[in-house]
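Shown next, in structure tokens, is the structure this report addresses.
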Amino acid sequence: MILKNINNNLAKEEQDKVDNLLEKAHEDAQQFLTEEEFRKNDVVDKWRSIYQQFKKKKGARSSIEALLKRVDQGKGVGLINPLVDIYNASSLTYGVPCGGEDLDTIEGDMHLGVAKGGEDFFPLGDDENEPALEGEVIYYDGKGAVCRCLNWRDGQRTMLTEDTKNAIMVMEAIDESQKKDTNDAMDFLKMNLENYMNINSNIHHLDAKNSSIEI
């Protein structure tokens with residue numbers, strides 16, 4: 001999803017609506033937490049099986065697992081900024097990973113592929129470089145890794161902030177069932193960005209046969 005001309009700051013009335021949206025999403029996420037043992041929940045199990053298929057940083061998990069774990073532990077997912085809050089609500093409502101990057105901070109083209117190893121990466125909230133590993137699946141651009149371990153963690157350089165004006169939002173699906181959930185989550189995201197932030201967006205579907213778009 002491509003977003004242009006964003007105002008990532010809301011008046012209190014609109015921000016309160018986004019807060020309520022995220023709060024409701026916490027309730028909706030309970031449908032994905034039906035097993036007594038957390039790792040046995042279907043969404044968690046599926047993504048862990050995917051993460052076993054490529055090189056990754058020790059302990060790295062899918063972003064949707066991280067969100068669901070917070071809900072499962074009663075910690076909840078806190079407010080960050082409107083764009084992030086709405087995409088987190090989308091993730092929790094449909095049980096799919098979602099991430100976002102500031103397009104104006106991307107150097108050249110952004111790719112999804114296998115790391116050569118050594119691509120620079122500064123995690124959110126950390127000033128220490130944690131380069132990608134050889135064989136790791138990452139999003140990357142001309143300057144380094146954008147998101148490590150497929151959808152584990154975004155970097156500081158390209159993160160969405162209150163000053164973000166243009167953005168790209170990304171969701172991944174790993175099977176036909178999740179493909180439907182991801183499409184529904186994207187529609188949910190689009191609708192709520194329009195409703196609460198007056199943002200018009202364009203959705204693009206990429207796969208092996210249709211693997212690139214020009215922005």
Side-chain angles (χ1 to χ4, degrees), residues 1-3 21-22 24-73 77 83-84 86-101 109-115 132-140 145-154 167-193 201-213:
M1 178 184 288
I2 306 301
L3 314 175
L21 183 74
L22 185 56
K24 183 180 183 302
H26 282 74
E27 299 172 7
D28 293 336
Q30 295 295 332
Q31 66 184 299
F32 307 112
L33 298 169
T34 58
E35 300 294 331
E36 186 173 342
E37 191 173 350
F38 178 74
R39 68 178 182 84
K40 292 184 178 180
N41 287 292
D42 187 58
V43 171
V44 175
D45 183 61
K46 281 184 177 180
W47 277 105
R48 286 197 181 188
S49 69
I50 292 297
Y51 269 55
Q52 291 172 0
Q53 297 178 40
F54 60 84
K55 186 75 173 180
K56 62 184 180 298
K57 178 181 171 65
K58 185 178 180 180
R61 305 291 191 194
S62 169
S63 64
I64 184 57
E65 175 174 338
L67 294 184
L68 290 175
K69 190 168 188 179
R70 292 191 65 83
V71 174
D72 188 60
Q73 294 176 339
V77 178
L83 269 179
V84 176
I86 293 174
Y87 86 57
N88 279 340
S90 302
S91 285
L92 289 172
T93 300
Y94 291 93
V96 298
C98 180
E101 312 296 342
D109 296 331
M110 188 171 85
H111 304 267
L112 172 63
V114 178
L133 304 172
E134 182 180 359
E136 182 182 333
V137 177
I138 61 172
Y139 286 92
Y140 64 95
V146 170
C147 183
R148 283 195 58 188
C149 300
L150 184 55
N151 54 38
W152 166 58
R153 181 180 285 185
D154 290 320
I168 180 169
M169 318 295 276
V170 179
M171 298 182 186
E172 300 95 0
I174 55 179
D175 58 28
E176 285 302 314
S177 173
Q178 280 213 346
K179 185 176 180 181
K180 179 185 182 305
D181 292 337
T182 299
N183 288 339
D184 290 342
M186 269 291 190
D187 290 340
F188 178 92
L189 179 60
K190 180 180 177 68
M191 177 185 69
N192 286 293
L193 288 172
S201 58
N202 294 312
I203 297 175
H204 304 269
H205 300 267
L206 301 179
D207 55 27
K209 295 181 180 179
N210 179 34
S211 60
S212 66
I213 58 170

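We use all heavy atoms of the structure for the numbers below, so side chains are in, but hydrogens, waters and symmetry mates are not. We count residues from 1, following the sequence as given.
- When every heavy atom of Arg61 is checked against every heavy atom of Trp152, the shortest pair comes out as O-CD1, 3.2 Å.
- Residues Phe54 and Val114 are not in side-chain contact: their nearest non-hydrogen atoms beyond the backbone lie 4.5 Å or more apart.
- With hydrogens and angles ignored, the 3.5 Å screen pairs no side-chain donor or acceptor of Gln178 with any backbone N or O of Asp175.
- At most 12 heavy atoms of other shown residues, nucleotides or ligands fall within 6.0 angstrom of atom NZ in Lys179.
- A heavy-atom distance below 4.5 Å is not found between the side chains of Phe32 and Val71.
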Could you walk me through whether Val170 and Glu101 satisfy the side chain to side chain contact (heavy atoms under 4.5 Å, CB included) test, starting with their C-alpha distance in whole Å, then the side-chain angles of each, then the deciding distance to 0.1 Å, before giving a yes or no? CA-CA 8 Å; Val170 179; Glu101 312 296 342; 5.9 Å; no

For the pair Ser201 and Met169, evaluate side chain to side chain contact (heavy atoms under 4.5 Å, CB included) and give the outcome as yes or no after the intermediate values. CA-CA 10 Å; Ser201 58; Met169 318 295 276; over 6 Å; no

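- Between the NZ atom of Lys69 and the CD atom of Glu65 there is a distance of 6.5 Å, given to the nearest 0.5 Å.
- In this structure, Lys56 contributes its side chain and Tyr51 its backbone to a donor-acceptor pair below 3.5 Å.
- No donor-acceptor pair under 3.5 Å is formed between the side chain of Thr182 and the backbone N or O of Met171.
- Note that CE of Met186 and CG of Asp181 are 13.5 Å apart. Values are rounded to the nearest 0.5 Å.
- Atoms CG and CZ, on Asp45 and Arg39 in that order, are 8.0 Å from each other to the nearest 0.5 Å.
- A side-chain donor-acceptor contact under 3.5 Å links His26 to the backbone of Val77.
- Within the 3.5 Å criterion, the main-chain N or O of Cys149 finds a donor-acceptor partner in the side chain of Glu136.
- Asp184 has its side chain within reach of Lys180: a pair of non-hydrogen atoms, C-beta onward, lies under 4.5 Å apart.
- For the pair Leu3 and Leu83, the minimum side-chain heavy-atom distance is below 4.5 Å.
- Proximity of Leu133 to Arg148: side-chain heavy atoms (C-beta onward) are separated by under 4.5 Å at one or more points.
- Taken from CE in Met1 to SG in Cys98, the straight-line distance is 8.0 Å, to the nearest 0.5 Å.
- Between the side chain of Asn41 and the backbone N or O of Thr34 there is at least one donor-acceptor pair closer than 3.5 Å.
- In this structure, Gln30 places its CD atom where more than 12 heavy-atom neighbours from other residues, nucleotides or ligands lie under 6.0 Å away.
- The distance from the CD1 atom of Ile203 to the CG atom of Asp187 is 5.0 Å, given to the nearest 0.5 Å.
- At least one side-chain heavy atom of Leu112 sits under 4.5 Å from a side-chain heavy atom of Leu150.
- Side-chain N or O atoms of Ser91 include one that pairs as donor or acceptor with a backbone N or O of Val96 at under 3.5 Å.
- Residues satisfying the ring pair (Phe, Tyr, Trp, His ring centres under 6.0 Å) criterion with Phe188, sequence neighbours excluded, are Tyr94.
- With a 4.5 Å cut-off on side-chain heavy atoms, Leu33 and Phe38 count as touching.
- Within 6.0 Å of CD in Gln73 there are more than 12 heavy atoms belonging to other residues, nucleotides or ligands.
- At least one donor-acceptor pair under 3.5 Å links the side chain of Asn210 to the backbone N or O of His205.
- With rounding to the nearest 0.5 Å, the separation of NZ in Lys24 from CG in Leu92 is 11.5 Å.
- Under the 3.5 Å distance criterion, the side-chain polar atoms of Thr93 are left unmatched by any main-chain donor or acceptor of Ser90.
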